[in-house]
Amino acid sequence: MIRFGPGNLRIPKFAKPVYVVAGGLTDYRKKYPEKNTCQLCTEGLRMAVEENDLKVDPEQFRRMVNWAVYSQFADHFGDQLLAAAKIHDYLGFDPLGNVEIKTGGATGGSAVLAAAQAIASGYANCVPVVGWERMDEVTTKVGNSYIAAAACKDFESELGWMYAAYYALMAQRYQYENSVPHETLAKIAVKNRLHAYYSPFAQNPGKYTVEDVLKNEIVSDPLTFLECCVMSVGAAVLILADEETAHKLTDKPVRLAAICGGSHTLRTADRRNMPILLLPNETEATYKEYFQGRRHEWPGFSSFLAARMAAYLAYNMAGIKDPVEDFDVLETHDAFTISDVQTYEDIGLRPYGRGHEFIDSGDAYFDGRLPTNLSGGLIGTMHAVGATGVFQLVELLWQLQGKYDKFHGDPKMWTRYGKKKPADWKSLQVKNPKRGCAISHAGTGSHVTCAIMEKP
Amino acid sequence: MAIDWPTRAAEVLNDEPLVIKNDKFWYHIHSYGGWGKFFQGLRAKKLLATRCTNPKCAEKRLWLPPRAECPDCWHDMEWVEAPQVGTIYTHSTVTYPGELFRLAPGTPLISVEIEGVCTKLMSWLKDGKPAFGMKVKAVFNTAKPTNTILDLAWVPA
């Protein structure tokens with residue numbers, strides 16, 4: 001049993017409001033020999049500072065920065081320890097202080113959390129968060145091994161050296177308990193790759209059918225290749241500021257209403273049961289029938305306590321009563337189709353056991369109640385791990401600022417990356433969105449952050 | 001005296017843009033520390049778990065993978081032999097494993113529920129087709145142990 005003490009569930013507070021003012025991305029590729037990591041980070045920062053309608057020029061911006069946060073998952077991949085120091089110098093920020101954050105797949109979310117803490121405390125008032133990953137310097141098989149080194153090396157990594165396999169074990173159990181049709185899972189892969197089709201940044205866009213996904217080769221049953229995220233090279237940059245600085249920088253600052261983190265065991269095996277931690281839109285009655293009344297068997301292998309914990313704190317911090325009603329746009333960490341469904345439940349889009357309804361009802365689609373992963377997500381667009389959580393918030397910021405078309409629809413944006421804008425390109429700009437949410441997720445749920453951004 | 005140029009050249013994989021190959025050949029030492037007893041136990045066909053010895057500790061759960069210190073009170077734990085039979089809690093057959101995997105592709109991975117043990121140990125099925133709730137018993141690689149978790153496997157009971 002996990003028993004919470006009075007301090008454990010304290011709702012976080014920012015002493016000062018935190019704002020997000022600008023974002024920048026590179027495109028994402030399987031291999032990127034043309035540009036090294038320092039250059040990719042520069043490209044992301046340049047887009048953030050030069051193409052987000054800021055009211056200052058790059059030189060003025062540089063003079064406003066007083067702290068920096070770097071976000072990279074694995075030194076293994078970059079084969080460069082203290083890479084942050086090299087990038088910080090390359091970006092011209094010396095001798096300002098900086099930190100590099102590492103929490104696996106949730107590194108980007110945690111890095112933004114660290115930057116927000118710096119702003120909220122008054123320690124800093126203008127902070128760039130720079131995330132990247134360079135996953136193209138080893139073979140895919142070695143890359144999978146590196147990622148599996150983020151499982152428990154004593155008792156689990158040897159069993160497959162493959163993260164998809166660890167997720168597959170959870171997926172099988174989830175399916176045993178909930179019997180979600182494989183077609184529903186396939187729809188997530190189809191949706192996110194279609195969203196990626198409209199993005200010039202995307203690595204694996206495509207118009208696939210549910211049948212394509214179902215017939216696709218299996219990595220570790222039940223997961224097919226098309227249901228798994230990509231390995232990418234690329235960077236993402238987000239700029240945070242306090243209220244006064246935000247207004248000096250832009251006419252369209254977006255408030256970071258909350259960003260909170262949760263955790264759970266690295267080894268799924270070691271998860272102990274507890275009563276479900278209820279979100280504001282749930283009551284005891286919600287779970288009377290859950291898994292034949294075995295509510296005490298939560299979270300098991302079917303749910304991510306870290307995601308539930310992060311959502312619990314963030315929803316209470318931002319005053320969210322019902323996520324599907326209160327959010328207008330959502331970015332999830334869709335590393336695998338099944339883990340996406342698990343996350344829908346953890347963050348309260350549907351009660352436990354009914355996550356698939358979020359897809360089957362149409363809610364998750366562009367014209368649905370809560371369009372999800374309009375960026376293309378990790379399955380369609382990118383998973384350059386250290387950049388991923390930052391990328392999600394950049395895409396969310398642009399949605400809230402009404403700038404989706406500016407960054408995805410301009411033909412020049414496509415030619416910049418050597419691509420041609422599709423003739424049947426479609427805008428995925430949500431109409432006048434007010435509030436968005438992004439989930440950044442590590443391990444088999446070892447760290448999760450939940451960020452909520454809203455227009456002031 | 002002039003110093004010679006390096007004798008070992010990096011292979012050029014591509015010249016435009018320039019990409020070279022850096023060789024790396026060395027081993028890593030893996031220190032099991034206080035958990036080593038578990039792997040030594042496998043050599044003797046024992047499944048060793050741990051339980052907290054602190055009389056004031058609330059849960060007294062049997063941990064497997066073992067922990068040398070209790071996660072609830074940080075007190076030392078004692079080694080206890082766990083039952084060598086269990087049931088399959090979940091399973092997946094890994095078709096495309098990563099580099100370093102020492103078993104054949106197509107090996108079923110399983111999580112095993114063991115009575116009295118609070119975890120669901122990840123392992124592999126050496127024989128048979130996995131199914132939910134299937135009863136299995138432990139087998140041990142004693143002939144040529146790898147001294148890793150792979151020295152433990154399960155077969156239908």
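Chain letters run A, B, ... following the sequence lines, proteins first and then strands; every chain starts at 1.
Counting non-hydrogen atoms of other residues, nucleotides and ligands closer than 6.0 Å to CD of B:Glu115 gives a total of 12 or fewer. With a 6.0 Å radius and a threshold of 12 heavy atoms from other residues, nucleotides or ligands, B:Trp35 has its CH2 atom at or below the threshold. Around atom CD of B:Glu81, more than 12 heavy atoms belonging to other residues, nucleotides or ligands sit under 6.0 Å away. Atom NZ of A:Lys102 sits in a crowded spot, with more than 12 heavy atoms from other residues, nucleotides or ligands closer than 6.0 Å. For A:Lys419, the NZ atom sits in a packed shell: over 12 heavy atoms of surrounding residues, nucleotides or ligands are nearer than 6.0 Å. Heavy-atom neighbours of B:Lys60 NZ from other residues, nucleotides or ligands within 6.0 Å: above the threshold of 12.
For A:Ala168, the parts lying under 4.5 angstrom from a heavy atom of chain B are both the backbone and the side chain. With a 4.5 Å cut-off on non-hydrogen atoms, B:Lys21 does not touch chain A at all. For B:Ser123, the part sitting under 4.5 Å from any heavy atom of chain A is the backbone (N, CA, C, O) and nothing else. For a residue to count as touching a neighbouring chain, one of its non-hydrogen atoms must lie under 4.5 Å from one of that chain's; by this rule B:Trp124 touches chain A with backbone and side chain alike. With a 4.5 angstrom heavy-atom cutoff, B:Thr93 touches chain A via backbone and side-chain atoms both. Proximity to chain B is absent for every atom of A:Lys35, based on heavy atoms less than 4.5 angstrom apart. Within the 4.5 angstrom heavy-atom criterion, no atom of A:Gln175 approaches chain B.
In this structure, NZ in B:Lys120 is found 13.5 Å from CZ in A:Arg267, a value given to the nearest 0.5 Å. Of the inter-residue distances, the one linking A:Glu137 atom CD with B:Leu13 atom CG reads 10.5 Å to the nearest 0.5 angstrom. Note that CD of A:Glu158 and CG of B:Leu103 are 8.5 Å apart. Values are rounded to the nearest 0.5 Å. Here the OH-CG distance, from A:Tyr166 to B:Leu109, works out to 8.0 Å after rounding to the nearest 0.5 Å. Atoms CG and CG, on B:Leu150 and A:Leu159 in that order, are 5.5 Å from each other to the nearest 0.5 Å. The structure places NZ of A:Lys153 at 14.5 Å from CD1 of B:Ile149, a figure rounded to the nearest 0.5 Å.
A distance of 6.0 Å or more separates the ring centres of A:Tyr176 and B:Tyr89.
Under the 4.5 Å side-chain criterion, counting only non-hydrogen atoms from C-beta, B:Phe132 is in contact with A:Gln172. For the pair B:Tyr96/A:Ser220, no side-chain contact is recorded, criterion being any heavy-atom separation below 4.5 Å from C-beta on. Looking at B:Pro17 and A:Tyr32, their side chains never come closer than 4.5 Å, going by heavy atoms from C-beta outward. Using a 4.5 Å cut-off on side-chain heavy atoms (C-beta onward), B:Arg102 and A:Trp161 make no contact.
Of the listed residues A:Leu223, A:Val219, A:Thr139, A:Asn273, the one with more heavy-atom pairs under 4.5 angstrom with chain B than any other is A:Val219. Ranked by heavy-atom pairs under 4.5 Å with chain A, the list B:Gly98, B:Ser111, B:Pro97, B:Pro105 is led by B:Gly98. When the candidates A:Ala148, A:Gly143, A:Ser145 are compared by the number of heavy-atom contacts under 4.5 Å with chain B, A:Ser145 comes out ahead. The candidate with the highest count of non-hydrogen atom pairs below 4.5 Å against chain A, out of B:Arg67, B:Glu113, B:His30, is B:His30. For the set B:Pro108, B:Gly106, B:Pro66, the entry with the most heavy-atom pairs within less than 4.5 Å of chain A is B:Pro66. Comparing A:Pro33, A:Gly300, A:Ala165 by how many heavy-atom pairs each has under 4.5 Å with chain B, the most go to A:Pro33.
Under the 4.0 Å criterion applied to side-chain N and carboxylate O atoms, B:Glu59 and A:Arg3 are assigned as salt-bridge partners.
Between the side chains of B:His91 and A:Asp221, not a single donor N or O lies within less than 3.5 Å of an accepting N or O. With 3.5 Å as the limit, one finds no donor-acceptor pair spanning the side chains of B:Glu99 and A:Tyr146.
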Original post:
Stepwise, does the side chain to side chain contact (heavy atoms under 4.5 Å, CB included) test hold for B:Leu100 with A:Lys141?
Top reply: CA-CA 9 Å; B:Leu100 301 178; A:Lys141 230 177 153 184; over 6 Å; no
**OP:** Tell me, with the steps shown, if A:Asp270 and B:Trp63 meet side chain to side chain contact (heavy atoms under 4.5 Å, CB included).
**Re:** CA-CA 8 Å; A:Asp270 289 36; B:Trp63 288 93; 3.8 Å; yes
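Scanning all heavy atoms of the two residues, the minimum distance from B:Ser92 to A:Leu169 falls at N-CD2, 3.5 Å. When all heavy atoms are compared, the tightest approach of B:Tyr32 to A:Asp154 is CD2-OD1, 3.2 Å. Taking all atoms of both residues into account, the shortest heavy-atom contact from B:Phe101 to A:Gly160 is CE1-N, 3.0 Å. Nearest heavy-atom pair, B:Pro71 versus A:Arg272, reported as atom, atom and distance to 0.1 Å: CG-NH2, 3.7 Å.
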